[in-house]
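A quick write-up on the structure given underneath.
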Amino acid sequence: MKRVYEPYDESDGFRILVDRLWPRGISKEAARLTAWHKEVAPSPNLRKWFCHKPELFEEFRTKYIAELRTDEKKLRIMDELINFASQGNVTLLYGAKDSVYNHAIVLEEELKRLMSHKETKEN
C-alpha cells in the first residue's frame, strides 16, 4: 500500500487505485495502474462524513467495513483483488496525504482477513 504520488517500483506488482476520485496532479501514465477500482472506496456520503478527521477514524472504520461486507460490487472487487494477490504482489494506491487515517488501510485489513479466512477454509 502506498500513495499514488510515490514513484513506481517494479516490486509494486499489480497497481490498483482504490480511491473514488482521481488524484489531483497525476497523469494516468505516471500512475501506471493495472486497474482503478473506485467502487471499492467508501460511499460518497461516508467519505464526506469522515473528511479524514482522525477523531472519526474508528467509527469510519466500522461503517466502511460494514459497506465492504454488504455491498455486492465491493465484494466482487475484493474477490478480484484477492485473485490478483494470488498471482503476485498487489499495491493498493490511494491519494490521501494521511498514511494512517485513510480508507486504504481499512481495505487492506479487510482483504487480509478475507484471504486468511479463505486459506483456513481450503486447509
Side-chain angles (χ1 to χ4, degrees):
M1 184 174 54
K2 68 183 188 182
R3 284 191 82 209
V4 69
Y5 301 101
E6 293 178 40
Y8 167 82
D9 188 281
E10 266 191 47
S11 66
D12 290 346
F14 298 102
R15 291 172 52 88
I16 314 295
L17 180 61
V18 294
D19 278 354
R20 186 167 298 279
L21 305 174
W22 185 261
R24 290 183 184 157
I26 192 159
S27 69
K28 292 191 178 184
E29 294 77 29
R32 299 184 68 166
L33 300 180
T34 304
W36 178 18
H37 284 307
K38 57 186 164 189
E39 299 88 0
V40 79
S43 65
N45 288 341
L46 182 56
R47 180 181 63 81
K48 289 173 188 169
W49 171 84
F50 172 49
C51 199
H52 295 279
K53 293 179 182 170
E55 65 272 16
L56 297 176
F57 187 70
E58 287 309 313
E59 188 176 352
F60 166 79
R61 176 193 304 268
T62 300
K63 291 178 178 187
Y64 183 39
I65 287 172
E67 285 186 1
L68 290 171
R69 293 181 182 176
T70 59
D71 183 290
E72 287 300 320
K73 191 173 270 190
K74 286 176 175 36
L75 288 165
R76 280 194 304 274
I77 291 169
M78 287 192 300
D79 281 344
E80 185 176 330
L81 295 174
I82 291 169
N83 188 36
F84 277 131
S86 72
Q87 300 171 47
N89 289 342
V90 173
T91 300
L92 300 178
L93 300 169
Y94 62 93
K97 290 179 185 173
D98 192 327
S99 62
V100 177
Y101 301 107
N102 73 65
H103 77 281
I105 288 174
V106 179
L107 176 60
E108 180 184 50
E109 290 170 358
E110 186 66 6
L111 287 167
K112 285 180 178 179
R113 185 192 71 80
L114 288 171
M115 290 186 327
S116 171
H117 184 70
K118 192 173 189 178
E119 287 174 11
T120 304
K121 273 184 147 180
E122 291 174 357
N123 290 331

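Position 1 is the first residue of the sequence; numbering continues from there. Excluded from the calculations below are hydrogen atoms, water molecules and symmetry mates; all remaining heavy atoms, backbone and side chain alike, are included.
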Are any of the side-chain heavy atoms of Glu108 and Leu111 separated by less than 4.5 Å?
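Heavy-atom side-chain distance check fails, nothing below 4.5 Å.
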
Indicate yes or no: at least one non-hydrogen side-chain atom of Leu93 is less than 4.5 angstrom from one of Ile16.
no

According to side-chain contact (heavy atoms from CB on, under 4.5 Å), who are the partners of Asn89, at least two apart in sequence or on a separate chain?
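side-chain contact (heavy atoms from CB on, under 4.5 Å) check on Asn89 returns nothing, list empty.
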
Lys2 bridged to Asp12 by N-O distance under 4.0 Å:
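Salt bridge: yes.
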
Using 4.0 Å as the upper bound for N to carboxylate O, is an ion pair formed by Glu110 and Arg69?
yes

I need the minimum non-hydrogen distance between [X] and [Y], along with the two atoms involved.
X     : Y      : value
Val40 : Leu68  : O-CD2, 3.9 Å
Ala96 : Asn102 : CB-CB, 4.0 Å
Arg3  : Gly95  : NH2-O, 2.9 Å
Tyr8  : Arg15  : CD1-CD, 3.4 Å
Tyr5  : Pro23  : OH-CB, 3.2 Å
Ala85 : Met115 : CB-SD, 3.9 Å

Check for me, please, whether Val90 and Val18 land in the same ILVMFWY cluster - side-chain distances under 4.5 Å, paths through other members count.
yes

Joint cluster assignment, Ile26 & Met1, ILVMFWY side-chain distance < 4.5 Å
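No; tracing contacts between hydrophobic side chains, which count when under 4.5 Å, never links both residues.
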
[X] side chain to [Y] main-chain N or O, any donor-acceptor pair under 3.5 Å?
X     : Y     : result
Thr70 : Ala66 : yes
Lys74 : Ala41 : yes
Glu67 : Ser43 : yes

Quick check for you: to the nearest 0.5 Å, what is the distance between Ile65 atom CD1 and Arg113 atom CZ?
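If we round to the nearest 0.5 Å, Ile65:CD1 and Arg113:CZ are 8.0 Å apart.
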
ring-ring contact (aromatic ring centres under 6.0 Å, His included) contacts touching residues 11-33 (sequence neighbours left out):
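Non-adjacent pairs meeting ring-ring contact (aromatic ring centres under 6.0 Å, His included): Phe14-Phe84, Trp22-Trp36.
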
Exceeds 12 heavy-atom contacts within 6.0 angstrom, atom CZ of Arg32:
no

CA sep, side-chain torsions, deciding dist, call: Met78, Leu114, side chain to side chain contact (heavy atoms under 4.5 Å, CB included)
CA-CA 9 Å; Met78 287 192 300; Leu114 288 171; 3.9 Å; yes

Out of Leu92, Leu81, Leu107, Asp19, which one pairs with His37 under the side-chain contact (heavy atoms from CB on, under 4.5 Å) rule?
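Exactly one option meets the side-chain contact (heavy atoms from CB on, under 4.5 Å) with His37, and it is Leu81.
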
Could you tabulate the donor-acceptor pairs under 3.5 Å formed by side-chain atoms of residues 44-59, not counting sequence neighbours?
| from | atom 1 | to | atom 2 | distance (Å) |
| --- | --- | --- | --- | --- |
| His52 | ND1 | Tyr101 | O | 3.4 |
| Glu58 | OE1 | Arg61 | NE | 3.4 |
| Glu59 | OE2 | Lys63 | NZ | 3.2 |

